[in-house]
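Each remark here refers to the structure printed beneath this line.
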Amino acid sequence: MLSRNRRPPIRAVVIVATATLAACASLAPPVTPNENLRVEGVPPIPAALAARVAPYTEFRPRTLASWHPHRRELVVTTRAKTTAQLFDVRAALAEPRQITDYAEPVRHGGWWPAKPDVLVFGRDAGGNEQSQVYRLDPGAAVPTLLTDPERIHRPVAVNRARDRLLLASTDVDKSAGRRENPILDLVLMDPLAPAAARKVATLPGTGWYDFSFSFDDRRIAALEFRSINETVVWILDPATGERERVLPAHDGATRIASYEISFSRDGRGLFLTTDRDGEFQRASYLDLASGRLEPFGPENHDVEQLALSPDGRTIALVVNEAGAGSLRLFDADTRRELPRPDVPIGTVSGAQWHADSLALAFTLDSARSPGDVYVLERGGNRVERWTETKVVGLDPARFAVQTPIAWRSFDGRTITGFIARPPARFTGRRPVMIQIHGGPEAQARPGFIGRWNYYVNELGIVIIEPNVRGSTGYGKTFVALDDGMKREDSVRDIGALFDWIAAQPDLDATRVVVAGGSYGGYMSLAVAATYPQRIAGAIDVVGIANFVTFLERTESYRRDLRRAEYGDERDPAMREFLTRISPVAGASRIVKPLFVAHGKNDPRVPYTEAEQIVETVRRNGTPVWYLLAANEGHGFARKENADFYFYTTIRFLEETLLR
């Protein structure tokens, strides 16, 4: 790391260079969108703007992908040129060595244990999420496709012998047509001999996750996801495909949610998280013979990851504590907590054990760090940093730190969120950007806010991230408060937030933009239609505009899972309700400027949702900016596209909040 007395001169050189580039850019023609972008209603993007914001587009967080199967080395994901790729890190703080180099992003993969110079990874095309599995042999320039490109294939587990990969496969609509009652095939494959792959079972529906092999490889535990508040735990026989339900019992009445399943090393029980006996996901041991459930660990926070060491003796828990992910360790036999590791301040995610069970790697991010990979060495309980993301041209100490806020909603319920305020040099009442998370079963959490730091630090805009009803992290009752016919209650939570903003002496309630992606995109549109006089504009990214057409056109393998949350559009009463609350139905009330961005290959929320709202709102004479990316899906994964979206967002904020 650079010493403290050396940093100012280096940063000064960067600032001078940036200023020189900006001066030259002021004479350059506007930024031209690339050939994959359809741009409508957007004013010219000055080249000077692109030069000015450039340092905020260069964050390259490192995320853990996998361990080397034998050596103390890691595979991490980070952006190469324009897309995320896999890199090898051979020692702590060693320079990452690029492994994959493709036009499409590669976020998951690792060295194959039986032949550790062979890389196995997954990749889709153009953001269509039709993932395929590939093998990259030593010295090969082109990877070998291992799966049927007409279907989707998810690697879901590796067996204990570490010589077979378990794949979950299902059809897509362009190959099989739209259909009800889709199925999922489980296949065991040796990536070195894919022709000998064997089907293990065919499962009803497509919401199957958390597959885990017993230590003797004779059973597979699996989770059937029916909704955020209802899952079923099964045990499958990989030899016959038969399965047995183990949680909850067949009483026809109990609805619980369980996740993060692992067999105990003696095979007599399962470790998992469950909300059976309370509001939160609690770590528990399920005795398979008696059905007895024994909880352990934290009671009043969700356990969001339970990672059992390969030797079955130590459990790592990642616990959601007020939005931050903390790391806790437990003895698997006694379920007693072990000494806490001294993890740097931040949020832990994606914990993975090394094969020797003596080291645990994880990703850590914080407000001042884009994200890096750390390793906990069990001997001595020592945490060591393995990657160091460089922030060039910016001072991380200036990055925004979010603080919690709370307000009363229409029904007296307390709603919470996080706020990031600009530096003190911005005086007077500040404009506000409300960023609503997607999911809807997700959660706004404190941490690194990436490019949003530009809005806060350079434009003086306050960012509020609300956790409206339906968000996770606040218990199973709270997460169900927006289901079905209660959908509009979450919109009313934002109405109450407007009142809170108006009561703050440093916030300007007359200058508020609401924004969000996916379900957050629906929320921004719904807020724009419900509270048109309380906003200055709205930003909708890959959002739902019409619940009925969304449910009819989303990929069949996702439809039943979304019906469980939003309601079944085939039911006449629910169809009428969904039609009434859809933003397109209230488009005549969207009278403030609207910015819509979408990926044309989005399998979750089809781009036709964007087309609908753009066309409908324009009929009112409301200004609509529209950005459609032909080579993206549910979000912008390519830097050149994400950059243009960023420039456009800044121009939109300048027009709506800063004039």
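We count residues from 1, following the sequence as given. What you are looking at is a predicted structure, and each value in this text was computed from that prediction instead of being measured. These values consider heavy atoms only, across backbone and side chains, with no hydrogens, waters or symmetry-generated copies.
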Can [X] and [Y] be counted as an ion pair, charged N to O under 4.0 angstrom?
X	Y	answer
Asp88	Arg90	yes
Arg135	Asp137	yes
Glu337	Arg328	yes
Asp217	Arg160	no
Asp148	Arg151	no
Arg97	Glu95	no
Arg562	Glu441	yes
Lys476	Glu230	no
Arg292	Glu294	yes
Asp482	Arg469	no
Lys486	Glu565	no
Asp173	Arg178	yes
Arg218	Asp237	no

Under 3.5 Å, is there a donor-acceptor pair between the side chain of [X] and the main chain of [Y]?
X	Y	result
Thr77	Ala65	no
Arg62	Arg60	yes
Thr363	Thr63	no
Thr389	Pro370	no
Arg245	Pro248	yes
Gln402	Gly447	yes
Gln130	Pro149	yes
His68	Arg71	yes
Ser212	Ala221	no

Item to check | Test log, rule side chain to side chain donor-acceptor pair (under 3.5 Å), inputs Gln98 and Gln85 | outcome: CA-CA 7 Å; Gln98 189 168 349; Gln85 299 295 323; 5.2 Å; no
Does a donor on one side chain sit under 3.5 Å from an acceptor on the other, for [X] and [Y]?
X	Y	result
Trp234	Glu224	yes
Thr416	Asn467	no
Asp216	Ser214	yes
Thr472	Gln443	no
Ser490	Tyr519	yes
Gln305	Glu260	no

Starting at [atom1] of [X], measure out to [atom2] of [Y] and round the result to the nearest 0.5 Å.
X	Y	atom1	atom2	value
Leu136	Trp112	CG	CH2	15.0 Å
Asp210	Leu270	CG	CG	11.5 Å
Asp185	Asp171	CG	CG	8.0 Å
Leu481	Asp483	CG	CG	8.5 Å
Asp560	Asp568	CG	CG	8.0 Å
Arg385	Asp372	CZ	CG	4.5 Å

Next on the checklist: Determine whether Arg336 and Asp331 satisfy the following criterion, salt bridge (Lys or Arg N to Asp or Glu O under 4.0 Å), listing intermediate values before the conclusion.
Outcome noted: CA-CA 5 Å; Arg336 291 179 180 173; Asp331 182 283; over 6 Å; no
Identify the heavy atoms of [X] and [Y] that sit nearest to each other, and give their distance.
X	Y	result
Gln352	Trp67	O-NE1, 3.0 Å
Ser309	Phe215	O-CZ, 4.5 Å
Gly470	Val479	O-CG2, 3.3 Å
Ala94	Val89	O-CG1, 4.0 Å
Ala114	Leu192	CB-CD1, 4.4 Å
Ser284	Pro295	OG-CA, 3.6 Å

Verify whether the ring centers belonging to [X] and [Y] lie closer than 6.0 Å.
X	Y	answer
Phe448	Phe59	yes
Phe121	Tyr102	yes
Phe296	Phe330	yes

Checklist entry - Aromatic rings Tyr374 and Phe362: how do their planes relate, parallel, tilted or perpendicular, breaks at 30° and 60°? => result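 Because their plane-to-plane angle is under 30°, the rings of Tyr374 and Phe362 count as parallel.
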[atom1]/[X]: more than 12 non-hydrogen atoms of other groups inside 6.0 Å:
X	atom1	value
Arg268	CZ	no
Asp266	CG	yes
Glu180	CD	yes
His634	NE2	yes

Checklist entry - Should His437 and Ser471 be marked as a side chain to side chain donor-acceptor pair (under 3.5 Å) after you check the CA-CA gap, both sets of side-chain angles, and the distance that decides it? => result CA-CA 9 Å; His437 67 69; Ser471 303; 2.8 Å; yes
Next on the checklist: Applying salt bridge (Lys or Arg N to Asp or Glu O under 4.0 Å) to Arg265 and Asp333, what does each step give before you reach the verdict?
Outcome noted: CA-CA 10 Å; Arg265 72 177 186 275; Asp333 293 332; 2.9 Å; yes
Next on the checklist: Checking side-chain contact (heavy atoms from CB on, under 4.5 Å) between Met189 and each of Val120, Thr147, Leu166, which is the one that passes?
Outcome noted: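 In the set Val120, Thr147, Leu166, the residue that makes a side-chain contact (heavy atoms from CB on, under 4.5 Å) with Met189 is Thr147.
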Item to check | Matching residue for Gln281 among Leu272, Thr273, Leu306 - test: side-chain contact (heavy atoms from CB on, under 4.5 Å) | outcome: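 It is Thr273; the other options fail the test.
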Checklist entry - Passes salt bridge (Lys or Arg N to Asp or Glu O under 4.0 Å), Arg282 versus Asp302? Steps please. => result CA-CA 6 Å; Arg282 191 173 183 193; Asp302 278 332; over 6 Å; no
Checklist entry - When you look at Glu129 and Arg604, which way does the salt bridge (Lys or Arg N to Asp or Glu O under 4.0 Å) test go after all the steps? => result CA-CA 9 Å; Glu129 300 185 18; Arg604 304 187 188 195; 2.9 Å; yes
Item to check | Cation-pi, Tyr285 ring and Arg335 (6.0 angstrom, 45 degrees) | outcome: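 Satisfied, under 6.0 Å and within 45°.
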